[in-house]
Structure formats: structure tokens, C-alpha cells
Amino acid sequence: MFSSRFRARRIRGKEVFRRMVRETTLSANDLIYPMFSAFGSGIRKEVSSMPGIFQQSIEHIVAEAKEVHGLGIPAVILFGIPETKDAVGSDAYAEHGIIQETIRAIKREVPGLAVITDVCLCEYTDHGHCGIIKNGDVDNDATVKLLAREALSHAQAGADMVAPSDMMDGRVAAIRQTLDNNGFSHIPVMSYAVKYASGYYGPFREAAESTPQFGDRRSYQMDPANRLEALREAQADIEEGADIIMVKPGLPYLDILRDLRNEYAMPLAVYNVSGEYSMIKGAAANGWIDEERVVMETMLGFKRAGADLIITYHAKDVARWLKGGI
Ligand SMILES: [Zn+2]
């Protein structure tokens, strides 16, 4: 295919040439910043395994939301740490639940920032699972009803987009129908379509206080060994009405991201999860890697693999580095 005169280095020789032939770009518009909203006031507690990430009460969330908006990041995704947890995750769909109040506060103070909400029950159940427990396992259909109720209550509080992360079957259709029936047909659904049962979620569970109290999540999250199943999961969510589909975690599943990019003409998000963040932060703190360089290379990797949107705890740093002209 190439003549013997081909020299790859010719076009790499000058920074201006490298800029001209760069295939993948990264912008603050690609980023979504996750935040953990805690019940109470005056709370700003750093997650020990996630340096720079905090559990915060609403006034601090609002202050950080202003900072995020000022950096040009278009959206945050919210996770809640409620006052009390119970078997059915009541705070998740309470009119004045932690997330509902957080949405109202952000939309009042920073109306230009898009508020996406994580829709799941694990942060609100005392057993830490993503749904209602029956006979020792999560009951799919009973859970789906509550998830639809939760998504509706987020929309009623002012959420701009809802993002179900539970991995129950049929939840996108139920959420879509409930939103449509209640005057929220304009609210998009970003589904965690392809979510693997992953060890990389460890630090998040400390941050969101959502560790399962028994068993694990393998009866609803995907087996890390499976690739074709990801296409089935994505297809199901698209048919049920998802507007954006997501792959989670990110780095160990770049092949899946590329598969979905090749298969579907849908906006595609990736969740650069807590364990991926903690590994970089830990190595950087030890001086083993150059944090900025490794983070930016990671972000480009997601974009190159096909992601349109990157949910990442590095978002604020990335936006700052982009302004610095990387
Ligand atoms: Zn969950």
C-alpha cells in the first residue's frame, strides 16, 4: 500500500504538522463531572481513596457546581448520600430527598449547568443492592417500578437528564413511559447500557456508601468476559428509548466502546470509574507517573475508541489543562 518513499516521521517533525494531522480532539464539552451530595450542612469530607473528590452538603455542592460551570464543563452527574436508608430506598424517590433538593439548589444557583441524575437504589437501600430484595436476590420488576418513580421525581425537581445505572431489564422503557405520561417527554435518558460487575468500583462505594451488605452484583451487572452481550444490552436500551448509551468502566473495556461506536449511530458515553481515577492519583502521588500527561492520554484514548462523552473525576483538571493549551 505504501511506496518505498513513505516516511512516517516527515509529518511528525514539527508541532504545527502534528496539530494539522491530529485525528482525535478533546474539549471541555466532552466532560461530565460526578458529584456526591450528602445530607446535612457544613459537610465537605474528602473520600480517602479518591483524592480531590468530596462528599459534600448542598451548599458546598452548589459552590463546586459554579466552579465546574466556570470551567466550561457542560454537565454534572449527581449521586446522593441520604439521611436514612431502608429496604426499599425511600429517599431515592422522596419529594424532598437528598438528590431532589440538590437538583433544585443547583438549578436555582447555576441554571446554565446541566444536571444529570444517577437513577438507582443502591445509595438509598440499607442492604446496598440496586433494587428490592426478594428471596435473596434483586427482584427485577418490582425494582423497575421504583426506578421509574425515582426518575420522575428527579425530573419534577428539575433534572435535565436521567441516567439509570441499576442494570434491571426493561427499566429504560419504564422510565421513558413514566416520563412521557407525566409531561416530561423532553427529558433524555442516558442509560448505563453496558455496565460490568467490576472491581474498579471499589473507591466509589466508599464515596457513595453503597457497598452491598451481602452477596455481590453479578446477578444483574455484566460478566467482564462478555463482548457480544454488550451489543444485546445496548440494542435493548436503544429500542426502549435511550438517547445516550454508556459503557462502564472505561479503560478495561475500550474494545466494547469501539464495538458500540461501530454498531450504533448513537451518542456514546464512557464512565472513567473511581478505581481508574484512584490508580492514576495514587501513582502520581508517588511520583511514578506524570499525572497530567497520563490523564490526557487516557481521555484521548476514550475519544479515539469512540466516546462522545466522558464521565470523569478528572474533569475539572482536564478542563484547566485544556485552557492551558494542551
Ligand atoms: Zn446501583
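First listed ligand is number 1; within each ligand, the first listed atom is number 1. Values below: every heavy atom of this structure, side chains too, minus hydrogens, waters and symmetry copies.
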**Asked** Within the side chain of Glu109, is there an N or O that forms a donor-acceptor pair under 3.5 Å with the backbone of Lys66?
**Response** no

**Complete:** The protein N, O or S atoms lying under 2.8 Å from the Zn ion (ligand 1) are Cys120 SG, Cys122 SG, Cys130 SG

**Message:** For a quick check under 3.5 Å, do Gln55 and Glu209 share a side-chain donor-acceptor pair by atom type?
**Reply:** yes

**Request:** Say whether, by atom type as modelled, one donor and one acceptor occur between the side chain of Lys85 and the main chain of Glu123 under 3.5 angstrom.
**Result:** yes

**Request:** Report yes or no: is the cationic atom of Lys248 (NZ for Lys, CZ for Arg) closer than 6.0 Å to the six-membered ring centre of Tyr200, at no more than 45° off its axis?
**Result:** no

**Message:** Under a 3.5 Å threshold, yes or no: a donor from one side chain and an acceptor from the other, between His127 and Gln213?
**Reply:** no

**Prompt:** Per the side chain to side chain contact (heavy atoms under 4.5 Å, CB included) rule, which among Cys122, Cys120, Cys130 passes with Ser165?
**Reply:** Cys120

